Colleague: 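My questions will all concern the structure given below.
Just so it is clear, the model here is predicted, and its values are computed rather than measured. Order of listing sets the numbers, starting from 1, for every ligand and every atom in it.
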Amino acid sequence: MRYISTRGATEPMSFIDAGLGGLAPDGGLMVPESIPDLRHDLDRLSGLSYPELAFEVFSHFITDIPADDLRVLVNRAYSDFRHPETAPSVKVGDAYVLELFHGPTLAFKDMAMQFLAQFFEYALEKRDQVLNILGSTSGDTGSAAIHGVRGKNRINIFMMHPEGRTSPVQALQMTSVLDENVFNLAVDGTFDDCQRIMKTLFADVAFKQQYHLGAVNSVNWVRVMAQIVYYLYSGLQVMKETGEATIQFSVPTGNFGNILAGYYASQMGLPVSRLILATNENDILARFFNTAIYETGQVAHTISPSMDIQVASNFERFLFALLGQDPEKTSEVMNTFASTGRTDLSDWRDHEMMALFRSDKADTEETSRTIRETNDSENYLLDPHTAVGVAVGNRLRNQDPLICLATAHPAKFVDAIVEAIGEEPHHPVLDALQGAETRCEHIGADLEAVRTYVAGKLT
Ligand SMILES: *Cc1c(COP(=O)(O)O)cnc(C)c1O
């Protein structure tokens, strides 16, 4: 399998190169040249454990890692999950909740990040390279990345977070990791300050090359690929359990990474009748799927912060497929969007790809009410992101079994839960963090200070 850029100006490359590279050199995203067809294999796949299924799915996308090696990487990636099924589907009322929060940081980003880190260590060894990850986080992504790469050979991670502006639990999940290759930087500033410092350092090509800097952003193909597995795993399981021939998913969405994997799963042959894209007040994608106009707005801060985005970084992969895999059209649309903040795709509004999706938003009031009502009637506590998906999913579902993706454990979002039900949520892993030893460098919101720190640790 070879990988091509959505902008068409990059030579096709292997999986390892696409995975190590991140963004394509021409500014596009790497996508597989073709989508594997599993239609006739679904029966057999439905009997597999999560790691076995992951191995089967990955084998179609990865042709430059020997099978025995790949199996080891997959088994290691999912060995730290706290549930024997890795990602169980739990019946809650008349829907299923697909729990994606049994990994080390209790959020769905572990599902992909745990494998990405195994892949990095392996690929760097093969290529005799090192990687120094520089990132900035407002919470979930940073801690999933740190827990993925902690203790890995050939990798260091420098993660900036705005001091005092992530939740105390999220900060602790990062700073309590004491491995030698993990460097937490608490920046005296905002998340935007962290982002600006990171972008400026990445733009300094000489610095970036000298120190082998890289990122673990959500557009990395390996992350999207790893997420395809749980759609198949849950979908096949629920079909078996209910005897139904088609299923639908509701996905709380920010950067379009998670639901994009659901789209690929459907293209690979999973019989998905509907993909429900749920947003909070940051509804650029909900507006797109209802109007075919993609137009950015102001970022609103909500109780589901991991979905507070206005530009969905993975959307370009969907667009590329929608536009018939035409890199010229894709470049044109993306360039228009980049320069004007708006692009009109009305001509594609009736395309069959659009018909697979339904979309709406849930505001803070509805999200909070959904948490409360589900807790009261089903004795099941939803986190605020999952609650957005449950609220919108119930509104837009058809008669097929509905699977709502649970993207985080509620105990990660104490304030929103207390607000909704008047009680504090708990998880033993988070409780154990209280009073844990931490390591963290406090640093000004100053580019030169960060540059000097990174260079100092790497020489
Ligand atoms: C990242 C995240 C999301 C959004 O996922 P996307 O892939 O960006 O659409 C939703 N919920 C939680 C808890 C997250 O961490």
Side-chain angles (χ1 to χ4, degrees), residues 29 87 97-114 116 135 137-148 166-167 169-170 173-174 191 216-228 230-231 249-265 275-286 288-289 299 302-318 357 359 361-362 367 371 381-393 404-414 416-417 425 427 430:
L29 306 188
V97 172
L98 167 52
E99 296 183 346
L100 302 172
F101 53 68
H102 294 287
T105 73
L106 313 183
F108 99 99
K109 296 203 168 58
D110 291 329
M111 300 299 302
M113 212 68 94
Q114 287 290 313
L116 179 65
T137 188
S138 53
D140 278 347
T141 309
S143 82
I146 286 171
H147 283 262
T166 62
S167 77
V169 163
Q170 286 180 322
Q173 280 188 303
M174 295 190 277
F191 177 57
V216 283
N217 46 35
S218 68
V219 298
N220 188 299
W221 168 254
V222 182
R223 286 181 63 183
V224 177
M225 179 193 74
Q227 291 167 185
I228 295 171
Y230 52 74
Y231 284 91
F249 294 93
S250 180
V251 188
T253 296
N255 268 320
F256 203 76
N258 193 353
I259 199 166
L260 176 70
Y263 167 73
Y264 286 127
L275 281 173
I276 299 168
L277 186 158
T279 73
N280 61 25
E281 284 92 334
N282 297 286
D283 63 346
I284 177 171
L285 289 167
F288 171 74
F289 281 99
V299 176
T302 74
I303 58 169
S304 45
S306 299
M307 291 151 63
D308 292 347
I309 60 99
Q310 272 303 338
V311 177
S313 48
N314 261 299
F315 185 63
E316 181 165 343
R317 288 193 169 107
F318 175 79
F357 289 82
S359 187
K361 64 176 163 179
T367 304
I371 295 172
L381 192 54
L382 301 166
D383 104 284
H385 303 80
T386 308
V388 168
V390 169
V392 174
C404 296
L405 275 60
T407 52
H409 190 279
K412 291 193 81 170
F413 300 95
V414 178
I417 299 299
H427 189 291
L430 300 182

Colleague: Cut-off 3.5 Å, side chains only: do R223 and N220 have a donor facing an acceptor?
Modeller: no
Colleague: State whether the side chain of N255 and the backbone N or O of S313 hold a donor-acceptor pair below 3.5 Å, judged by distance alone.
Modeller: yes
Colleague: What residues form a side-chain contact (heavy atoms from CB on, under 4.5 Å) with A145, not counting sequence neighbours?
Modeller: M113, I157, M159, V216
Colleague: Could you tell me which residues satisfy side-chain contact (heavy atoms from CB on, under 4.5 Å) with A87, sequence neighbours excluded, listed by chain and number?
Modeller: Y50, L98, L100, M111
Colleague: Among K412, M174, H409, Q114, exactly one meets side-chain contact (heavy atoms from CB on, under 4.5 Å) together with T105. Which residue is that?
Modeller: K412
Colleague: Which protein N or O atoms sit under 3.5 Å from any N or O of ligand 1? Give atom names and distances.
Modeller:
{"unit_1": "ligand 1", "atom_1": "7 (O)", "unit_2": "G257", "atom_2": "N", "d": "3.2"}
{"unit_1": "ligand 1", "atom_1": "7 (O)", "unit_2": "N258", "atom_2": "N", "d": "2.9"}
{"unit_1": "ligand 1", "atom_1": "8 (O)", "unit_2": "N255", "atom_2": "N", "d": "2.6"}
{"unit_1": "ligand 1", "atom_1": "9 (O)", "unit_2": "G254", "atom_2": "N", "d": "2.8"}
{"unit_1": "ligand 1", "atom_1": "9 (O)", "unit_2": "N255", "atom_2": "N", "d": "3.2"}
{"unit_1": "ligand 1", "atom_1": "9 (O)", "unit_2": "F256", "atom_2": "N", "d": "3.1"}
{"unit_1": "ligand 1", "atom_1": "11 (N)", "unit_2": "T407", "atom_2": "OG1", "d": "2.8"}
{"unit_1": "ligand 1", "atom_1": "15 (O)", "unit_2": "K109", "atom_2": "NZ", "d": "2.5"}
{"unit_1": "ligand 1", "atom_1": "15 (O)", "unit_2": "D140", "atom_2": "OD2", "d": "2.8"}

Colleague: Can you list every salt bridge (charged side-chain N to carboxylate O under 4.0 Å, His left out) pair that touches residues 97-106, not counting sequence neighbours?
Modeller: none
